[in-house]
Structure formats: structure tokens, C-alpha cells
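Inspection log for the structure reproduced underneath, given as C-alpha cells.
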Amino acid sequence: LQRLCPVPRGQRTPTKPAAAMAPSAIRLVVLAAVMLVGLVEAGPVHFSVENCQGMHETMKKLGGPVPPSEFVAGCNEVCAKVKGLKEYWQSGEMASYACNEGKKYGCTWEGTPPVTLADIGC
């Protein structure tokens, strides 16, 4: 190699050829891929009755908003409809329906302290 590319005086020859550095680069890429997969797996919590119950239980326990990792999109909207129905109908079949749906989803609303189904008359 030195005959083909003489090294100027005062400079050192590279100690690590590029082929020796490749495993480090591959490890770095693999590590990045593993981290990204971990982020994807820990993605948003999907809407379901059980996930809404968990989110609202956490809200009640914390006394306020839930951490972003426990937020379930759609649950607040369902519970807003439940509360709206109960407030509008106040009593009767539709009010009972609203209370039953609220219980099913574990509805709790933000407030100090958090507003529960009992607080809206269910």
C-alpha cells in the first residue's frame, strides 16, 4: 500500500481500515432500528371499553389529566356525549341509558376534584 500511496512525512498511516469500522456502523444501525421498533410498540393506546376504563380510573386516581402515554383518543368524546345526554334528559329512559354507557366506559371528567358519574346524578 505504501508503494502505491506513499504517506507524506510527518503523517501517520490509518490504524483501522474501513472494513474494521463496518461492524461498528452495523451495530449502530441495528441499535437505532431496535429503538425505533420499541417506540412503535409503545405507541398510542387504542380505543376500547377496557382502555377507557383504565384511563378514567387513572384520571380519578391522579385527580386530573392522565399522562400522555395513558391517554386514549375517543374516550373523552364518548364521556362528553354521556354527560350531555344525562344533563339534557335528566331522568327517564335516555338518562338511564346515558348512565349505563358512562358506567361501561368508566367515565370521569376533569375537575377539582374529578367529576364522577355520581356527581352528575347517575
Side-chain angles (χ1 to χ4, degrees):
L1 181 68
Q2 286 185 352
R3 281 187 285 165
L4 297 174
C5 300
V7 177
R9 206 167 218 188
Q11 289 188 357
R12 297 183 327 176
T13 58
T15 56
K16 245 186 184 182
M21 291 190 288
S24 297
I26 291 171
R27 273 183 271 180
L28 184 61
V29 170
V30 169
L31 178 63
V34 168
M35 289 173 58
L36 286 174
V37 168
L39 290 175
V40 169
E41 288 178 0
V45 181
H46 297 289
F47 180 84
S48 72
V49 171
E50 294 80 17
N51 289 339
C52 287
Q53 290 169 349
M55 183 183 94
H56 287 111
E57 186 60 38
T58 300
M59 182 185 297
K60 193 184 313 181
K61 182 173 51 177
L62 295 177
V66 297
S69 62
E70 295 184 40
F71 180 78
V72 182
C75 295
N76 288 340
E77 290 79 357
V78 168
C79 291
K81 290 291 183 186
V82 164
K83 191 175 182 185
L85 277 172
K86 176 61 180 161
E87 288 173 350
Y88 181 81
W89 291 101
Q90 295 180 353
S91 63
E93 189 177 328
M94 289 303 292
S96 295
Y97 172 77
C99 289
N100 288 335
E101 288 299 300
K103 287 176 189 168
K104 182 168 114 179
Y105 286 89
C107 291
T108 302
W109 298 270
E110 288 186 31
T112 308
V115 179
T116 65
L117 286 165
D119 295 329
I120 65 167
C122 289

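Bear in mind the structure is a predicted one, so any value in this text is a computation, not a measurement.
Listed by first then second residue, pairs satisfying side chain to side chain donor-acceptor pair (under 3.5 Å) with a partner in residues 108-122 read Thr116-Asp119, not counting sequence neighbours. Applying the side chain to side chain donor-acceptor pair (under 3.5 Å) test to every pair with at least one member in residues 88-98, sequence neighbours left out, gives no pairs at all.
Atoms CD1 and CD, from Ile120 and Glu87 in turn, are 6.5 Å apart once rounded to the nearest 0.5 Å. Separation of atoms OG1 (Thr58) and CD (Gln53) is listed at 11.5 Å; rounding is to 0.5 Å. How far NZ of Lys86 is from SG of Cys122: 5.5 Å, rounded to the nearest 0.5 Å. Residue Cys99 holds its SG atom at 6.0 Å from NZ of Lys103, rounded to the nearest 0.5 Å.
Counting all heavy atoms, side chain and backbone alike, Val72 lies closest to Asn51 at CG2-O, 3.7 Å. A pairwise comparison of heavy atoms in Ser69 and Val45 identifies O-CG2, 3.5 Å as the closest pair. Nearest approach of Pro114 to Gly64, heavy atoms of both residues: CG-N, 4.2 Å. Counting all heavy atoms, side chain and backbone alike, Ala98 lies closest to Val82 at O-CG1, 3.2 Å. Nearest heavy atom pair, residue Val78 against residue Phe47, reads CG2-CZ, 3.9 Å.
Hydrophobic clustering (ILVMFWY, side-chain heavy atoms < 4.5 Å, transitive): Leu117 and Val115 are in one cluster.
By the 4.5 Å heavy-atom criterion applied to side chains, Met55 and Asn76 are counted as neighbours.
Screening Lys61, His56, Glu57 against Met59 for a side chain to side chain contact (heavy atoms under 4.5 Å, CB included) leaves a single residue, His56.
For Glu77 (side chain) and Gly74 (main-chain N/O), a donor-acceptor pair under 3.5 Å exists by modelled atom type.
Cysteines Cys52 and Cys107 are not disulfide-linked, with SG atoms at least 2.5 angstrom from each other.
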